[in-house]
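Keep in mind that what you see is a predicted model, and the values were worked out from it rather than measured. Chain identifiers are assigned alphabetically (A, B, ...) following the order of the sequence lines, protein sequences preceding nucleic acid strands; residue numbering begins at 1 within each chain.
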Amino acid sequence: MTSSNDSENTEERRVSNFVRNIIEEDIAAGKNEGQVITRFPPEPNGYLHIGHAKSICLNFGVAERYKGQCHLRFDDTNPTKEEDEYVEAIKEDLRWLGFDWGEHEYYASDYFDQLYDWAIKLVEEGKAYVCDLTFEEMKEYRGTLTEPGRNSPYRDRTVEENLDLLARMAAGEVDEGKMVLRAKIDMAAPNLNLRDPVMYRVLKMAHHRTGSKWNIYPMYDFCHGQSDSIEGITHSVCTLEFEDHRPLYDWYINALGIHHPQQIEFARLNIEYTMMSKRNLLELVNEKHVDSWDDPRMPTLSGMRRRGYPPQAIRNFCEAVGVAKANSTVDFAWLEHFVRNELNKTSPRFMAVVNPLKVVIENYPEDQVDELEAVNNPEDPEAGTRMVPFSKVLYIERDDFMEDPPKKFFRLAPGREVRLRYAYFITCTEVIKDAATGEITELRCTYDPETKGGNAPDGRKVKATMHWVSVAHAQQAEVRNYNQLFTKANPKRGKKGKHWTTNINPESREVLTECYIEPALAEVKGGERVQFERLGYYCADNQNHTRKAPVFNRTVTLKDVWAKMQKKG
RNA sequence: AGGGGCGUGGCCAAAUGGUAAGGCACCUGCUUUUGGUGCAGGGUAUUGUAGGUUCGAAUCCUACCGCCCCUGCCA
């Protein structure tokens, strides 16, 4: 894999974060024999988003940096939510990001037998019991944040009875919701997680990997720490909300006397104008606010892939964002910076007119066609050149002409001369309008044959260079311009009583069907990333794009000082 | 209110007692056949507040303020 200068520089600049500091101290102290084993533990119940990418980059990054390894483990303890489809999608996203877990692909369900044995051990030691309380009763017995809970009336069952009941639960003799296995810890603990937490619940449902073998399934809390332990994880990196669970994991691990991974919690990633919770993303999909999980407006990795974000840009972004314990929300502009930076170096340039205005070059011979040489990527000489056809009738961008331009506008206007990129200087001589609506329908211009290629022999300068396309040679295409999915930087914080979906941006997608692309651009394949000169970076849609009916998604616009000036007024 | 965390410029984030990095954003110039890229420069911080310890504090202590998480048989 080529590591770009950018990623190397970022690597150098980011001297430390607290997770790396801890690991380096551990290595220096000879802890775990200097080994570093991390893991990325997704639940296969949805698609990965950029928030996961932060965790992925951290876990795989740290493993690589310290010559360790990172496991991929699916936390599949709840058969009611998990599916193989998600397992495959997650693996695809991970590979796309560029990470390799080798043979270290695991499933929490691989440990179900071991977990059950451990549960029996805890029962035998009087550290766990079967409880018949209903949901409502359990809640009531749990107490509140400020009041201690009360012991369950089933708390003092004999070991024999507990063993028998647990076996019956496992054998399918107990209905769902009737009994659970709980750890006997402390109903008065100020940390609610320690108030006799549930270890096993009855779920008579087939599991995507273990089939119908089990009628009971371990809770995440009774599974996660032990899974890390079994795999010999040295540093178990997770998000802040699990800080409160650490004492419970410690309790299980100590009670079982097994390897103790060190859990380190960090703040999850938030980005302006988007949201990162699987629940909300699922709602966007289910309620058809977006087309699918991989809708280019989604912050999912599959959505970003479809939108045209390069994986390296996401990795560089995650590296730059850093790792800390303070909750934070990153500027959207920062993400876009990394996307542009990567794309600028790698995408071939083409001319495409997205909002056409017809231009007739009056003094250009009717049947003549010039083939003009254009540079494919000024940032990369190796990308070479291509030929672009020029003829009498062209399209230019509607925004590139103003009949009555303000001072700062230096594109085409009546009587003004500009350059058509790689072609000629042209001067606007006449504006033709629709008699009824007053809309400009066509421009008449003249060209200077001496300026072929874009330079005037007499040395005269021109203030603007514009992109264009020859009508006779252009292919029509669909262009989907995407904007922020939400109108608020924090979509969740809207007016009181208003659902967050009311903050969805009605202009998040603009579909343009009357677009024209130069011939070479029509050769591009689905998934390829290109630049439309002067407009932005685009990606041929990885599902709908065909040679006959091209479809391009806008990844991100180019920076545009003119647009910025207009916005400011 | 009980418990667990967190507060460094507009946004992230370094600095683990020695006198506030860096990036993004923003602003100025220069370069430019993308108003792109690149280059040069610039302004933003009494490090949440108030005290204290110290020759010296973002870093240690105390109090206060603010924000986040926790009462699923979800993860």
Side-chain angles (χ1 to χ4, degrees), chain A residues 9-10 12-18 21 41-43 45 75-78 80-82 131 133-135 138-139 142-149 176-182 189-195 197-203 216-217 219-221 223-224 239-247 265 267 272 278-279 317 320-338 340-341 344-345 349 351 374-375 378-379 408-411 419-423 453-455 462-467 531-536 557-565:
Chain A
N9 291 342
T10 307
E12 285 313 305
R13 261 186 260 117
R14 165 123 278 111
V15 288
S16 72
N17 67 51
F18 83 102
N21 290 347
E43 182 190 13
N45 70 339
D75 261 328
D76 54 354
T77 56
N78 186 350
T80 67
K81 294 185 174 179
E82 296 143 8
C131 181
L133 252 27
T134 65
F135 287 92
M138 262 248 230
K139 183 173 177 159
R142 186 159 34 232
T144 69
L145 293 178
T146 50
E147 304 154 35
E176 288 185 15
K178 292 292 182 205
M179 287 182 188
V180 294
L181 181 71
R182 301 175 72 178
N191 180 344
L192 293 278
N193 293 123
L194 298 177
R195 318 244 261 228
V198 173
M199 295 162 59
Y200 269 97
R201 78 287 215 182
V202 177
L203 245 32
I216 59 174
Y217 291 92
M219 296 291 291
Y220 173 85
D221 278 349
C223 177
H224 192 82
T239 43
L240 252 28
E241 68 270 27
F242 292 105
E243 217 151 10
D244 281 345
H245 295 240
R246 180 155 32 94
E265 306 87 2
E272 288 181 339
K278 274 192 205 169
R279 221 190 101 236
F317 170 73
V321 155
V323 182
K325 296 197 72 159
N327 292 114
S328 60
T329 303
V330 172
D331 256 336
F332 194 82
W334 207 10
L335 210 208
E336 292 196 319
H337 163 262
F338 286 98
R340 288 194 185 102
N341 193 45
N344 176 50
K345 292 182 297 191
R349 280 123 251 210
M351 292 196 284
V375 172
E379 304 298 315
K408 296 285 183 59
F409 183 87
F410 44 79
R411 275 108 95 148
R419 169 168 42 230
L420 291 182
R421 182 149 228 226
Y422 301 123
N455 286 305
V462 101
K463 290 207 75 169
T465 299
M466 295 168 20
H467 59 99
Q531 183 193 102
F532 287 5
E533 292 227 26
R534 303 207 309 129
L535 295 178
T557 61
L558 250 31
K559 280 201 212 158
D560 188 344
V561 313
W562 169 241
K564 191 186 283 181
M565 282 163 62

Can you tell me if [X] touches the phosphate of [N], counting only side-chain N or O atoms and a distance under 4.0 Å to OP1 or OP2?
{"X": "A:Ser328", "N": "B:rA13", "answer": "yes"}
{"X": "A:His337", "N": "B:rC24", "answer": "yes"}
{"X": "A:Arg142", "N": "B:rC70", "answer": "no"}
{"X": "A:Thr77", "N": "B:rA75", "answer": "yes"}
{"X": "A:Asn193", "N": "B:rU71", "answer": "no"}
{"X": "A:Lys559", "N": "B:rU37", "answer": "yes"}

Could you tell me how far apart [X] ([atom1]) and [N] ([atom2]) are, to the nearest whole angstrom?
{"X": "A:Tyr217", "N": "B:rG72", "atom1": "OH", "atom2": "P", "value": "24 Å"}
{"X": "A:Trp334", "N": "B:rC24", "atom1": "CH2", "atom2": "C1'", "value": "6 Å"}
{"X": "A:Asp244", "N": "B:rA75", "atom1": "CG", "atom2": "P", "value": "17 Å"}
{"X": "A:Leu335", "N": "B:rA25", "atom1": "CG", "atom2": "P", "value": "12 Å"}
{"X": "A:Glu43", "N": "B:rC74", "atom1": "CD", "atom2": "P", "value": "11 Å"}

Between the base of [N] and the side chain of [X], is there a donor-acceptor distance below 3.5 Å?
{"X": "A:Arg411", "N": "B:rG35", "value": "yes"}
{"X": "A:Asp560", "N": "B:rG36", "value": "no"}
{"X": "A:Glu243", "N": "B:rG3", "value": "no"}

For nucleotides B:rC11 and B:rC60, find the distance between their P atoms and express it as a whole number of Å.
-> 24 Å
On a whole-Å scale, what distance lies between the C1' atoms belonging to B:rG9 and B:rG42?
->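 Per the computed distance, 15 Å lies between those C1' atoms.
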Quick one: label [X] by what it contacts on the DNA or RNA (base, sugar-phosphate, nothing), any heavy atom closer than 4.0 Å.
{"X": "A:Lys564", "value": "sugar-phosphate"}
{"X": "A:Pro378", "value": "base"}
{"X": "A:Met219", "value": "sugar-phosphate"}
{"X": "A:Gly149", "value": "nothing"}
{"X": "A:Glu241", "value": "sugar-phosphate"}
{"X": "A:Phe409", "value": "base"}

Counting Watson-Crick and G-U wobble pairs only, both distances under 3.5 Å, name the nucleotide matched with [N], or none.
{"N": "B:rA40", "result": "B:rU28"}
{"N": "B:rG2", "result": "B:rC70"}
{"N": "B:rU62", "result": "B:rA50"}

Would you call A:Glu265-A:Arg246 a salt bridge at under 4.0 Å N-O?
->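 Looking at A:Arg246 together with A:Glu265, the answer is yes, because their closest N to O distance falls below 4.0 Å.
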Salt bridge present between A:Glu336 and A:Lys559 (N-O < 4.0 angstrom) = no
Pair A:Thr465, A:Arg421: side-chain N/O donor-acceptor within cut-off below 3.5 Å =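 The answer is no; no qualifying pair exists.
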For A:Trp334, does its backbone N or O pair with a side-chain atom of A:Asp331 as donor and acceptor, under 3.5 Å?
-> no
Take A:Leu133 and A:Glu533, find for each the nucleotide of RNA chain B with the closest heavy atom, and name the residue whose nucleotide sits nearer the 5' end.
->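 On the 5' side of the pair lies A:Glu533.
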What nucleotide, of B:rA75, B:rC70, B:rC6, holds the atom closest to the side chain of A:Ala326?
->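 Out of B:rA75, B:rC70, B:rC6, the nucleotide with an atom closest to A:Ala326's side chain is B:rC6.
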Please tell me if the side chains of A:Leu535 and A:Leu558 come closer than 4.5 Å, counting only heavy atoms from C-beta onward.
-> no
